[in-house]
Amino acid sequence: MAANFFEVWSKESPETMKAFMDFAGALQTNSGLDAKTFQLVYLALQASRGAVDSVKAHTGFAKKAGATREEVRGAIATTLMFCGINGVADCLVEAMEAYDAAE
């Protein structure tokens with residue numbers, strides 16, 4: 001199995017990965033949004049880009065933060081309004097499967 005981006009990044013440049021993760025954590029903590037809303041917004045933004053792997057990963061975070069399956073589906077489907085079918089087509093199936101698999 002091929003290494004993923006985060007594995008390579010943490011090996012090749014751990015300092016920049018830590019800096020980025022600290023920055024991302026600060027954004028989430030200081031966004032003014034609760035954890036569930038933050039994850040739903042993040043899912044919609046990533047789905048609009050067609051970022052399947054990110055959507056898969058953050059679907060589990062959204063569920064853990066209290067998002068329902070319907071809210072996850074709605075966040076992704078909302079991207080239809082401004083980016084067309086591309087993001088939804090690439091991400092909806094993966095998100096629903098990831099939601100069902102998340103604990």
Side-chain angles (χ1 to χ4, degrees):
M1 182 173 178
N4 73 33
F5 169 74
F6 289 101
E7 291 168 342
V8 173
W9 190 13
S10 69
K11 178 183 174 191
E12 297 295 330
S13 187
E15 299 85 6
T16 63
M17 183 175 174
K18 181 183 181 324
F20 178 83
M21 292 301 183
D22 290 347
F23 173 68
L27 282 175
Q28 183 171 352
T29 301
N30 297 294
S31 69
L33 302 171
D34 60 80
K36 179 178 91 167
T37 303
F38 181 89
Q39 291 300 330
L40 291 170
V41 169
Y42 190 87
L43 285 174
L45 291 170
Q46 291 293 61
S48 74
R49 299 178 52 246
V52 175
D53 290 340
S54 184
V55 168
K56 285 170 60 174
H58 281 266
T59 293
F61 299 149
K63 184 175 183 179
K64 192 173 277 188
T68 65
R69 192 173 199 280
E70 293 76 16
E71 288 171 325
V72 169
R73 184 183 63 235
I76 294 168
T78 299
T79 67
L80 282 167
M81 296 174 69
F82 67 92
C83 73
I85 200 160
N86 290 335
V88 175
D90 293 338
C91 296
L92 187 60
V93 172
E94 298 289 343
M96 295 297 90
E97 289 176 357
Y99 188 89
D100 292 341
E103 295 188 23

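We number each residue from 1, following the sequence as shown. Below, each value reflects all heavy atoms present in this structure, side chains not excepted, and no hydrogens, waters or symmetry copies. Small disclaimer: the values here were computed from a predicted structure and weren't measured.
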Could you tell me how the ring of W9 sits relative to the ring of F6: parallel (under 30°), tilted (30 to 60°) or perpendicular (over 60°)?
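Judged by the thresholds at 30° and 60°, the geometry between W9 and F6 is tilted.
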
So which atom in [X] and which in [Y] form the shortest heavy-atom distance, rounded to 0.1 Å?
X	Y	result
C83	S48	SG-CA, 3.8 Å
A75	A44	O-CB, 3.3 Å
V88	L80	CG2-CG, 3.6 Å
K56	A98	O-CB, 3.6 Å
G60	A102	CA-CB, 3.8 Å
C91	A47	SG-CA, 3.8 Å

Donor-acceptor contact present, side-chain [X] to main-chain [Y], <3.5 Å:
X	Y	answer
T29	A26	no
Y99	A67	yes
E97	E94	no

Would the number of heavy atoms belonging to other residues, nucleotides or ligands and lying under 6.0 Å from CZ of F5 be above 12?
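Yes, the 6.0 Å shell around CZ holds more than 12 heavy atoms from other groups.
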
K63: salt bridge (charged side-chain N to carboxylate O under 4.0 Å, His left out) partners, not counting sequence neighbours
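Testing K63 for salt bridge (charged side-chain N to carboxylate O under 4.0 Å, His left out), a comparison that skips the adjacent residues, returns none.
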
Rounded to the nearest 0.5 Å, how far apart are [atom1] of [X] and [atom2] of [Y]?
X	Y	atom1	atom2	answer
D22	F20	CG	CZ	11.0 Å
R73	T59	CZ	OG1	12.5 Å
I76	D90	CD1	CG	11.0 Å
D53	Q46	CG	CD	10.5 Å
K11	M17	NZ	CE	14.0 Å

With the side chain counted from C-beta on, respond yes when M96 and V72 share a heavy-atom pair under 4.5 Å apart, and no when they do not.
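Contact flag for M96/V72 side chains = yes.
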
In this structure, would V55 and L92 fall into the same cluster of hydrophobic residues linked by side-chain contacts under 4.5 Å?
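Per the 4.5 Å side-chain linkage, V55 and L92 are co-clustered.
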
Are F82 and L40 co-members of a hydrophobic cluster defined by side-chain heavy atoms under 4.5 Å apart?
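Result: no, two separate clusters.
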
Which ILVMFWY residues are connected to V8, directly or by a chain of links, through side-chain heavy atoms under 4.5 Å apart?
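Once heavy-atom contacts under 4.5 Å are chained together, V8 still belongs with nothing else.
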
